[in-house]
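Before any comments, here is the structure.
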Amino acid sequence: MSPSKISIATLGSHTALQILKGAKDEGFKTVLVCLKSRLSLYGRFKKLIDEIVVVDSFAETASSEVQDKLLSLNAILIPHGSLIEYTDLETIEKRFKVPIFGNKYILRWEADRNLKERLLREAGARTPRVYTNIDEVDGVVIVKLPGAKGGRGYFLASKPSDVRKKLEELKISEDHVFVQEYILGVTSYIHFFYSPLTSELELISMDRRYETNADGLGRLPAHIQVETSPDLSFLVVGNIPIVLRESLLEEVFRIGEGLVEASKKLIPPGFIGPFCIEGAYDGEGKFYVFEFSARIVAGTNIYIYGSPYTWLIYDEPMSMGKRIAREIKRACEEGKLDLLIT
Ligand code: ATP
């Protein structure tokens with residue numbers, strides 16, 4: 001099928017601008033599912049958008065009206081964090097008629113902590129210790145609350161009694177939290193692209209998240225921290241670039257390859273396109289993975305004009321959004337679109 005017959009669609013949020021720009025650069029028509037309240041924002045970038053489907057809420061993307069409209073435009077929907085946040089997974093798996101770029105069945109594995117742990121273990125990634133028994137807490141732990149979005153409400157503690165005291169204050173049962181070893185070090189979020197067309201894993205870029213107020217706390221002198229004991233928050237407000245020491249790249253690729261293989265085994269056909277491993281380097285330089293995302297992440301927004309790593313391979317500005325569009329274009333030309341969509 002000719003790429004000119006296909007539209008690339010996404011929701012107006014998260015990484016929409018680079019997805020639209022990348023699609024345009026590769027010669028596709030573009031469709032934006034846009035909240036009424038954000039029309040003026042995206043109107044500022046109207047040259048990137050051929051069609052707008054206006055909705056009152058992103059949950060409406062699942063409605064037969066929006067689905068039929070997207071189908072009539074021959075759209076492929078690029079999923080990102082906002083699709084997952086505002087549409088429930090069962091709906092995406094069972095009710096979406098429009099083809100989704102990537103393996104939509106992995107999205108459940110990124111959302112469910114137990115499935116996530118299983119995939120990371122299968123991949124052979126080093127993960128922080130998980131405490132199933134709070135009495136065993138013997139160092140700094142991060143307590144992750146059920147359904148928290150973007151780390152909201154997570155707290156740190158270093159003794160079983162402190163974990164329990166805080167949970168009592170929050171009126172949350174011990175059975176519903178995930179208590180994990182806290183890795184004191186440098187957080188790094190590594191963005192990969194796996195191409196089913198070439199069976200190759202590409203390192204696209206990496207970032208650090210700027211999280212409030214965890215990243216602000218270090219500016220307070222210790223005595224003020226003790227006096228005021230501020231509640232911690234990991235709400236992401238932006239992303240900052242990082243490059244790793246070159247000697248660390250080999251391990252990063254090993255973890256990425258491990259995840260690709262594990263995903264093929266557990267959720268065939270496995271990862272398709274962008275995914276991200278999220279972790280931290282401890283004081284000995286060991287990388288611990290505490291999360292992965294099975295789709296484009298917002299940290300790639302730093303690199304709309306390409307990253308140091310894509311420059312090495314492409315000799316042209318290559319964003320994650322453009323890389324997705326390039327893959328779809330190639331699949332269209334080779335008659336292999338089925339390998340990229342679910
Ligand atoms: P998102 O969906 O936005 O990725 P989330 O709710 O899944 O968020 P996490 O990514 O697990 O939350 O954690 C949020 C933040 O908490 C991380 O970006 C990191 O700064 C911190 N964090 C989480 N787990 C650990 C850990 N084990 N050690 C150190 N820091 C951690």
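Counting convention: from 1, in listed order, for ligands and their atoms alike.
The K144 neighbourhood of ligand 1 comprises atoms 11 (O), 23 (C), 24 (N), with distances under 4.0 Å to a heavy atom of that residue. Shown in contact with R209 at under 4.0 Å from a heavy atom are these atoms of ligand 1, numbered in order with element: 3 (O), 4 (O). Close approach of ligand 1 to E278 is summarised as follows: ligand atoms under 4.0 Å from at least one heavy atom of the residue are 4 (O). Near E291, the atoms of ligand 1 lying under 4.0 angstrom from a non-hydrogen atom of the residue are 4 (O), 5 (P), 7 (O), 9 (P), 10 (O), 11 (O), 12 (O). For ligand 1, the atoms closer than 4.0 angstrom to any heavy atom of P128 are 27 (N).
One option in R208, E211, R113 has a heavy atom closer to atom 18 (O) of ligand 1 than any other, and that option is E211.
Here Y288 has no heavy atoms under 4.0 Å from ligand 1, in either its backbone or its side chain. In Y189, the part holding a heavy atom less than 4.0 Å from any atom of ligand 1 is the side chain.
In this structure, Y194 has its ring center at least 6.0 angstrom away from the ring center of F271.
Checking Y303 against D207 by side-chain atom types alone, no donor-acceptor pair falls below 3.5 Å. Side-chain contact, S13 with S82: a donor N or O sits under 3.5 Å from an acceptor N or O.
Under a cut-off of 6.0 angstrom, the local environment of CD in E174 is crowded, with over 12 non-hydrogen atoms contributed by other residues, nucleotides or ligands. At most 12 non-hydrogen atoms from other residues, nucleotides or ligands lie less than 6.0 angstrom from OH of Y305.
Remark: distances from the non-hydrogen atoms of V236 to ligand 1 are all 4.0 Å or more. Look at A280 and you'll find every heavy atom at least 4.0 Å from all atoms of ligand 1.
Polar contact check, Y182 against ligand 1: no nitrogen or oxygen pair lies under 3.5 Å apart. Here's the thing with I183: one of its N/O atoms is less than 3.5 angstrom from an N/O atom of ligand 1.
When each of I8, L20, L11 is paired with I78, the side-chain contact (heavy atoms from CB on, under 4.5 Å) condition holds for I8 and for no other.
F58 and Y86 have tilted rings, their planes meeting at an angle from 30° to 60° on a 0 to 90° scale.
The existence of a salt bridge linking D50 and K29 is excluded, since no basic side-chain nitrogen approaches an acidic carboxylate oxygen closer than 4.0 Å.
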